[in-house]
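Since this is a predicted model, take the numbers as computed values, not measurements. Residue numbering restarts at 1 for every chain, and letters A, B, ... go by the order of the sequence lines.
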Amino acid sequence: MSDSPTISGSLRNRLATILIGGAALLALLLFLAVRNYAVQVAQQGQDDILMASVTSMLDTAAIRDGSVEVDLPYAALAMLDTPADDRVFYAIYRDGKFLSGHEDLAVAASSDAERREVFSTQAIRGTTVRQVSARRILIGASQRVEVQIALAQTQDALAETLDEIRRNTTLLGLAFFVLAAALSFWATSFAVGQLNKLTTSVTRRGPQDLSPFKKPVPQEMGPLVRSLNSLMGRLDHSLSQSEDFIAEAAHRVRTPLATVRSHAETTLQRVDREENREALRSMIRAIDESSRAAGQLLDHAMITFRADHLEREKIDLVELAQDLAVRLSPIAEMKDLSLSVCGDENAPYAGDPILIQNAVRNLVDNAMKYGPADSDIEIGVHTGSRLCIVVRDKGPGYPLDEIGQLHTRFKRGRNAGDAVGSGLGLTIAADVAGAHGGSLELTNHPEGGACAILLL
Amino acid sequence: MRYFVALIVWLAAGCAMAQEWEHQETFSGTDASVSLRIISSTDADLFAPVIETFIAANPNIAVEYFVTGTAELNERFRADPGAFDIAVSSAMDLQLKLVNDGFAKPLPDIPHVAWAQWRQSLFAFTSEPAAIVINRQAFEGQPIPQTRQQLIEALRARPETFRNRVGTYDVRQSGLGYLFATQDARASETFWRLMEVMGSLDVRLYCCSGTMIDDLTDGTIAVAYNVLGSYAAARTESETILEIILPSDFPTTMMRTAFVSGQTTQSQAAERFIRHLIAFQSGQGDGRRVLPALKTPQAVTDRATIALQPALMTFLDVLKRRKFLAEWEDAMIQD
C-alpha cells in the first residue's frame, strides 16, 4: 500500500540552482556591461579633453616670415590638470621635423589620410599614456607646411576613476545577485509550497472520501489535479461495483441454499425409512456448512474491504455485546447453551460496529460449537489498560500445539471433529482486530475452556 | 672597474662643479655617515636654519649644499640627475617640468595639502610674493606707488631720477624672473607698458634677487621690480633704507618647491629631509625660520599663488619662449 516512490533529484534544488545560477550569470553580465560602458565613457572623457587641448594648440599655429610659430595657449595645458596630477607630454613637428616639446614623443601615423587626429595608448618614459596626434596644413605665400602635434597624458586620474567604478559596479553586481538569489528562494518555496498543499490535502482525506478536489490550484497543477480526480472517480466507481458484487453474491448464494435446506427438511418429515432420513440429515448438515462457509467467505471479503477503508464511529461495546447476545440466544437455546454479558457497565470506543460485531459473533459461534451442553458462554467487555472483549466457553479448549496457526485462513483445530465450520472464524476476528490496531489472543482458561481475547 | 669609472666620473664632476657654484657649503653632523647632496637656488644664509635643525635632529647625516641660479639648476640637474639627492628651486615651472619629465621620486607617505604638492613628488614649502622694492631716498616727498600703474606714472614723471636706476630680472638668465614675467604677462597688459617704460629708462638687468637688493641698498638703483620680498626682508640692516611694496593690482606669489631626485642613492635620508623641510616651514614658534611660511591661499582677494599644474610648462615651450623673449627684448632693450 505505501511503497516509496522512486526519487530522482529535487524539484526545489533544481529550481533554486537554475534560478541562482541565472542570477549569478546576469549579475556577471551586468557587472561586465556597466564596467565596459563606464570605461568607455571615462576614456572618451579623457580623449575629448586631449582633443580640445590639441585643437587649441593647432589653432595658434601660423607661418611668420617663413617659419612656423605655435603660440601655445595657457589653457591648452591648464585643461589637462587632473586631481591625480597626470603628467603631460607634447611634441610639435613641422613636416616631420621636431620643433619643440618632448622629442621622444612621436606623432602616430594616420592610416586614414582623411582623419586628422589619431588616438593611441602607448608607453613613454616607463609610463602608459593616452596620446592624440593631430595635424594641420598651413598655407603660406610660397609654401605648404604641415604642422603635427602629438599630445599625451598619463592615465592616473582615469585609473582612479576606473577603480572607483569597478568598486561600485562590483557592489552593484553583488547586490543584484543577493537580491535575485533571495527572490529565487522565495519563488522556489512558493512553487513547492503549492505542491505541498496538494499533498497535504490528499493525505488528510478520509479513506472513503473519493470526491474530486475542489480547492483552487495554480494553472500548471490543473492537469495533475484533473487526472487525480479522474483516477479517484474510476476508483470510486469500481469500489461501489465490488460492494454491489459482494452483496449480490451473498444474496445469490444464500437464497438457493436456504431453499434447498427447507426442501430437505420438508422431505425429511415425509420420509420414514431410517437410512433415508439419515442421508437427508447429513445433507442438511452439508447445506448448513456450505451456507455458513459462503456467509463467512462473504463476511471475510466484506471485512477485508471494510478494513482497508476503516470507518470509525462512536459505539458502546457493552451495548454491542448485549445486542449480539440477544440476537444469538435463540440459536444458543437450541443447543442448550446460555449467553451472558459481563464486565464493565459501558465501554465507549470509536470503531467500525459492523466489523466488531462480525468478529464477536464469529468468536461466539466457535464457543457455541465447542461448548458442552448446559454450559455457559461468557462475553466479557473490559476497559482496563487496553480495551478488550473476551469470549469464553467451557469446552475442551484449544489444542496447545496449534494455537499459533489457528487464526490462519481455512485452518481448523484437530478437535473440530464433526463441528460445522469453515476455518475462517478466527481469521475474521484477527483481521478485524488488526484493522483497529489491535490483535487476537487465544488462550485456554485455567478453569477449563477456550478463551479468545479481542484486543482493540 | 665599475667603481673606478664611477670614482673618475664623480671626481671629474666634482671638480667641474666646484669651480662653478655660486656658493657651496657642507653642513656636517657629529657622526655623519650619510651625505645628502642638495642643489638649490636659495641663498645659503636663508636656507641654513633648515639644514642646521635637520642635522641637529639627524646627526648621522651630512648635507652638501650647492647654490646656483634657477635656470642653471635646471640644466645641471637634467644633465646629471644622479649627482644630486634633492633639488630646491623657486622656479616652479622648471621644477614642475623636471617632475613631469620623470626626474623625481614620488614620496607617497608624505602628507601635504593637494594644492601645495604635485604628484606627491614636488612639495611647496614657502609662499613668497613678487615685490616692488624701492630705495626710500629716491621717493622722498613723493607718493609711494602701490600698483604697477602708479609705478609707471612715477617713473614717467621723473625720468631723469630713474634713468639707469631701475632694475629687474634678466628673464633670459633667471628662471624665477622668467616665471614672474610670464605670469605677469598673462595677468595684464600693464606688464608690457611697464616693461616699455623701464626699457626707455635704460633698465639694469640682474641674474638674482640678492645682487638686485645689494644695488638697491647702496643706491645704485632706486626701484627693483619683481624682486623677492623675502630676500629684502631678510636683510635687517637695510630695513630703514628699503621699502617693500606688494603691488595691489594683481599680485604674483611664488612657492619654493623641493623634490627628491629619481636617481637618489639616499632615498631614506632625502625623504626625511623633505619631511623636516615641510614641518620646519609650517611650524609655529620656531624663531629660527627665515624663509616665509607656506600660506594657504584664502580668498580671491588674497595674493594669487601660481598654481602647480601642467600649464606652467606652457611658457617653457621653445617656440613660446622664443616669442616671449623677442617681445620682452623689444620692450626692454631700446638702443
Side-chain angles (χ1 to χ4, degrees), chain A residues 49-50 53-54 56-58 60-65 67-94 97-105 123-129 138 147 149-157 159-160, chain B residues 78 81 92-93 95-108 110 112-124 179 181-188 191 252 257 259 262-263 304 306-327:
Chain A
I49 295 174
L50 280 172
S53 178
V54 83
S56 71
M57 287 181 183
L58 277 173
T60 63
I63 299 182
R64 198 151 297 154
D65 304 328
S67 69
V68 168
E69 273 187 8
V70 178
D71 187 12
L72 279 192
Y74 205 74
L77 294 181
M79 72 174 82
L80 294 175
D81 192 22
T82 63
D85 297 333
D86 275 303
R87 294 161 71 182
V88 174
F89 306 99
Y90 71 92
I92 304 172
Y93 293 88
R94 170 193 174 163
K97 197 173 129 280
F98 177 75
L99 284 185
S100 164
H102 297 86
E103 207 162 351
D104 48 353
L105 193 69
I124 177 174
R125 299 190 186 200
T127 180
T128 307
V129 294
L138 300 175
V147 178
I149 299 183
L151 178 65
Q153 188 182 29
T154 53
Q155 299 192 295
D156 299 349
E160 278 175 21
Chain B
R78 273 179 193 274
M92 294 166 73
D93 48 356
Q95 292 279 87
L96 186 119
K97 192 158 170 30
L98 280 169
V99 174
N100 184 75
D101 292 357
F103 288 100
K105 178 184 165 65
L107 307 172
I110 293 187
H112 207 29
V113 281
W115 57 265
Q117 55 89 4
W118 201 67
R119 294 188 66 77
Q120 281 295 131
S121 304
L122 187 62
F123 299 93
L179 174 66
T182 51
Q183 293 296 324
D184 280 357
R186 273 184 65 218
S188 167
F191 170 76
T252 310
T257 56
F259 67 86
Q263 296 184 22
I306 300 165
L308 282 172
Q309 53 162 318
L312 281 178
M313 293 190 291
T314 308
F315 281 97
L316 298 179
D317 178 69
V318 177
L319 302 176
K320 185 90 174 174
R321 182 177 162 87
R322 191 187 298 155
K323 189 163 179 285
F324 184 85
L325 288 183
E327 282 175 41

A:Q153 side chain to A:L80 backbone, donor-acceptor under 3.5 Å: yes

Between B:T182, B:D101, B:L316, B:L96, the one whose heavy-atom pairs under 4.5 Å with chain A are most numerous: B:D101

Donor-acceptor under 3.5 Å (B:H112 side chain, B:A124 main chain): yes

Residue part contacting chain A, namely of B:K323, when any heavy atom lies under 4.5 Å: side chain

B:F315 portion near chain A, given a 4.5 angstrom heavy-atom threshold: side chain

SB check A:D156 B:R119 (cutoff 4.0 Å): yes

Sidechain-backbone polar pair: A:S53 side chain, A:A76 backbone, donor-acceptor under 3.5 Å: yes

Structural part of A:T154 lying under 4.5 Å from a heavy atom of chain B: side chain

Interface moiety of A:P73 toward chain B, non-hydrogen atoms closer than 4.5 Å: backbone

Top of B:Q120, B:K320, B:R322, B:Q309 for chain A proximity - count of heavy-atom pairs under 4.5 angstrom: B:K320

Non-hydrogen side-chain atoms of A:L99 and A:Y93 separated by less than 4.5 Å: no

Contact origin within A:A84 toward chain B - heavy atom pairs under 4.5 Å: backbone

Portion of B:L312 that has a non-hydrogen atom of chain A nearer than 4.5 angstrom: both

N/O donor-acceptor pair under 3.5 Å between A:H102 side chain and A:Y90 backbone: yes

Part of A:I124 within contact of chain B (heavy atom distance under 4.5 Å): neither

Contact origin within B:R186 toward chain A - heavy atom pairs under 4.5 Å: side chain

Which of B:V99, B:L308, B:D317 touches chain A most, by non-hydrogen pairs under 4.5 Å: B:D317

Heavy-atom neighbours of B:K97 NZ exceed 12 at 6.0 Å: yes

Minimal non-hydrogen separation, A:M57 against A:T60, with atom names: O-OG1, 2.7 Å

